[in-house]
Each structure stands twice: as C-alpha cells, then as structure tokens.
2 protein chains.
Amino acid sequence: MTTDSNIIPSLHRRTPPARLQHTPFEPVCAIFRQYLRGQKQKFTPERAMILDAVLRKQGLFEAEILVDDLKKLGYRASRATVYRTLNHLQDAGILKQVFFDNKQSYFEVIVGGQSNDYLICIASGKVIEFSSQRLKKLRDEICAEHGFEPIGHQFHIYGLCAEGRCKNDKK
Amino acid sequence: MTTDSNIIPSLHRRTPPARLQHTPFEPVCAIFRQYLRGQKQKFTPERAMILDAVLRKQGLFEAEILVDDLKKLGYRASRATVYRTLNHLQDAGILKQVFFDNKQSYFEVIVGGQSNDYLICIASGKVIEFSSQRLKKLRDEICAEHGFEPIGHQFHIYGLCAEGRCKNDKK
DNA sequence: CTGATTGCAAACACTTTGCAGCAGA
DNA sequence: TCTGCTGCAAAGTGTTTGCAATCAG
C-alpha cells in the first residue's frame, strides 16, 4: 500500500530504468483495467506507461510522437507494443483513431465517446478543434433518415485559417 | 476530325495494345487539358486513359483498383503513372482524395467541387453516400464563427446500417 | 505455472522517387 | 529540338507480425 505496486505492476522487465513514478491516471485506468480483464488480457507495466503518456496528450497526436514521448518520460516500450496498445485503448473506448492523410493516422483521447471535429488549415497546417451540438443533432437526423445507427463520426473541414490566408497570398 | 486523334494523342508508346477506342470523356477532359496547359504539362495518352478509367467509376475507389481497371480495359499504364496522374487530377479539381483508414486512400470524382458525405457501416463495411444542404450551411456557419475559409470538407459517420446491425448481433 | 506479452527485426502494403529512354508540342 | 513523361524497380513510411524469451495473475 505504500509503494505504487498495488496499482502499477512491477516495472522491471528486460530493461531497468523504466518506471512509473506516480499513480498514472485516474478513472481511465480503471476503465482500461476493466476492459483488459474482460478480454482476459493483462495490465502490464508497458500498458500502464503507454496509457500514462497518452493521457498527457492534448488533442490529436501521432503514434510516432507517442513513442518519443515515452522515451522522454524515461519509459521504455517498443514501437510494436505502443501500436498494439493503442489499438487496445481504442477497443476499450479510450482512444479514437483519426485519418487526415495517407501517411499516418492520428489518435485522440475520447474516454467518454464524445467526438470532436476539426478545422484544418491546408496552408499553415493548423488544426482547430471544435464541438457543435447542432452538428450532432444534424448527424442524428441524417442517420435516422437512412436507418443508420450512429456510433461516432468525424467532421473535417479543410480550408484556410486567418493565418494561413496570409501565408497563402501567393496563390 | 474523323479519328479521335485530334482529341486523344496517338496512343503508341512502348507497348502497342493500349488504345482508347472512343472519345473518352466529355467536358471533364477539357478541364484537365486546360489545367495541364496552365501547368505547362502534357496531355499524354496515359493520362487520357487514366482519366477515362476514372470517369467510369462510381463513388469511391482505390488507386490499386484503378490499376486493375486499366488492365481490364486493355489500357496500359504503370502503377507509378497512375499515382502521379491521380495527384494531377486532384490538383485539377477533378478528383478528391478521401481517408478512411491507414491502409490506403480513396478517390472520388468531384469535378465541380461538390463534396459528398458518408455513412460507413463498421460491421458490414457498406458505405452510403449522402449529400446535405443543411450540412453545408452548418459548415459555413461554423467556419464563419472561427474566421475560417472553407474549401472542402469530409463528414464520415461511423455506425451500423440495417444490415450491419443484424450481422453484429453477437456484440 | 501457464498463457499472455514484450522486443526485435523482418515483413507488409501503399505510395513515391531516381533514372534512362521516349515522345508531345 | 527540347522539355516533360513513362516504366521499371528501388526506396520510403507507417504499421503489423513471427518468434523466442519473459512476465502477470
């Protein structure tokens, strides 16, 4: 009860330095553990570390960035494990995968299942997140018209932000 | 004026069989030629064949499928040329690239710049296209609120279609 | 103790690129 | 003729997978 070992599995695997110094996360951790239990899967230190790193992110992030983040945090987890865990977190309903381009995909913490929408500036690359009740309502109406049961959605608007408009004046 | 050679460049390049048997397309061809002219690029037989194949598609299609289509049509164009031409068609405003997953991207003829939206069944894989004026209006309102100038958008709703709902009853 | 998990590196699949030869304008 | 285009195959990239060693429950 004194160490965090009752929450986080012992973190000694093949490499020593990796270590979670704190109780990594709040109720999300519980969600993940419950999900894993249901799948007869294990809550390993690697998974704990990855979840911790994920929960530090704001908005969208790439898998590769997360790999770097882990290194910077002093955690150790192979690229393969990161990818595998991201998929699990998605299945657990904690993350959502988002597609913008054909190079890579992005992830976003959703936890509750809320979905965010984006304005993406094609000039500056800036991504503005927004959330709209009207959009959700419209979505449900459209689904109803098509006998479709919505689970999630993504709404990406491509264009120019104020800044991008300036940068792009040549065009 | 009797042969189509005044529209389509001679189709003899390295391999003989490839040949466009007909005037391949309507005004879209003109759009593409004009675009190419503006870019000091050439309207080659390969590009004509690819445009022809593209205009036969309905809805979304993958680049790889198009490569196959070309073979089936008796046209010959290397994979590289197909990919390069798809990019040009996109720049010309004839095609739009769409991202659903991290495996590949999809294309869709837009020609006018209209954008379609999709209901995607996560169980059956079915994709229902729809178009909504209300959505476009809402989009513009949202952009206005954020000082954003919209150029295009994609709206993907994930969920279960009637058929998918049945298939998915186990869940 | 035993099945699940990890790390590594090889495998993958889609897409892009370098280059030498060919061809549209 | 002079750019620009094509095909080929090699290179790129993000992601997945096979496998032996290792660990969580």
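So you know, we letter chains A, B, ... as the sequences are listed, proteins then strands, and number each from 1. Owing to the predicted nature of the structure, the values given are computational and were not obtained by experimental measurement. What's counted below: heavy atoms across the whole structure, side chains too, no hydrogens, waters or symmetry copies.
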Whole angstrom value for the distance that separates [atom2] of [N] from [atom1] of [X]:
X: A:Y35; N: C:dA4; atom1: OH; atom2: C1'; answer: 14 Å
X: A:Y75; N: C:dT6; atom1: OH; atom2: C1'; answer: 18 Å
X: A:F43; N: C:dT6; atom1: CZ; atom2: C1'; answer: 16 Å
X: A:R33; N: D:dG25; atom1: CZ; atom2: C1'; answer: 11 Å
X: A:F100; N: D:dG14; atom1: CZ; atom2: C1'; answer: 17 Å
X: A:M49; N: C:dG7; atom1: CE; atom2: C1'; answer: 12 Å
X: A:F99; N: D:dT15; atom1: CZ; atom2: C1'; answer: 11 Å
X: B:Q39; N: D:dG4; atom1: CD; atom2: C1'; answer: 13 Å

*Apart from A:F99 itself, which Ile, Leu, Val, Met, Phe, Trp or Tyr residues share its cluster (side-chain heavy atoms under 4.5 Å, direct or through members)?*
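Via sub-4.5 Å side-chain contacts, A:F99 links to B:F99.
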
Selection from [options] that lies nearest to any side-chain heavy atom of [X]:
X: B:T81; options: C:dG24, D:dT6, C:dG7; result: D:dT6
X: B:S78; options: C:dG24, D:dG7, C:dG7; result: D:dG7
X: A:T44; options: C:dG24, D:dT6, C:dT6; result: C:dT6
X: B:E46; options: D:dC5, D:dT6, C:dG7; result: D:dT6

*Determine the interplanar angle of the B:H146 and A:F130 rings, folded into 0 to 90°, and report it as parallel if under 30°, tilted if 30 to 60°, perpendicular if over 60°.*
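Tilted: the ring planes of B:H146 and A:F130 meet at 30° to 60°.
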
_Test salt bridge (Lys or Arg N to Asp or Glu O under 4.0 Å) on B:E108 and B:K57; report intermediate values, then the result._
CA-CA 8 Å; B:E108 171 185 28; B:K57 304 302 286 181; over 6 Å; no

_Both B:T85 and B:K42 contact DNA chain D. Which one's nearest nucleotide lies toward the 5' end?_
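Of the two residues, B:K42 wins.
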
*How bent is the helix from C:dC1-D:dG25 to C:dA25-D:dT1, comparing axes over its five end pairs at each side, to the nearest 10°?*
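The angle, to the nearest 10 degrees, is 40°.
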
*Are B:V82 and B:I65 connected in the hydrophobic side-chain network, where two residues link if heavy atoms are under 4.5 Å apart?*
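As far as the 4.5 Å side-chain criterion goes, B:I65 and B:V82 are not connected within one cluster.
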
*Which nucleotides of nucleotides 11-20 of chain C have their base under 4.0 Å from a protein heavy atom (B), which only their sugar-phosphate (S), and which neither (-), written as one string 5' to 3'?*
---SBBBB--

*So, do B:F100 and B:Y106 have ring centers that fall under 6.0 Å from each other?*
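Ring-ring flag for B:F100/B:Y106: true, centres closer than 6.0 Å.
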
*What is the distance from atom NZ of A:K137 to atom CZ of B:R134, rounded to the nearest 0.5 Å?*
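Reported to 0.5 Å precision, the distance equals 9.0 Å.
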
*Does CD in B:Q34 sit with more than 12 non-hydrogen atoms of other residues, nucleotides or ligands closer than 6.0 Å?*
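It does not: B:Q34 CD has 12 such atoms or fewer within range.
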
_A:K72 with A:D68: basic N within carboxylate O range, under 4.0 Å_ =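 No, no charged N to carboxylate O under 4.0 Å.
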
_Donor-acceptor pair, side chain of A:R47 and main chain of A:K42, under 3.5 angstrom_ =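 Present.
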
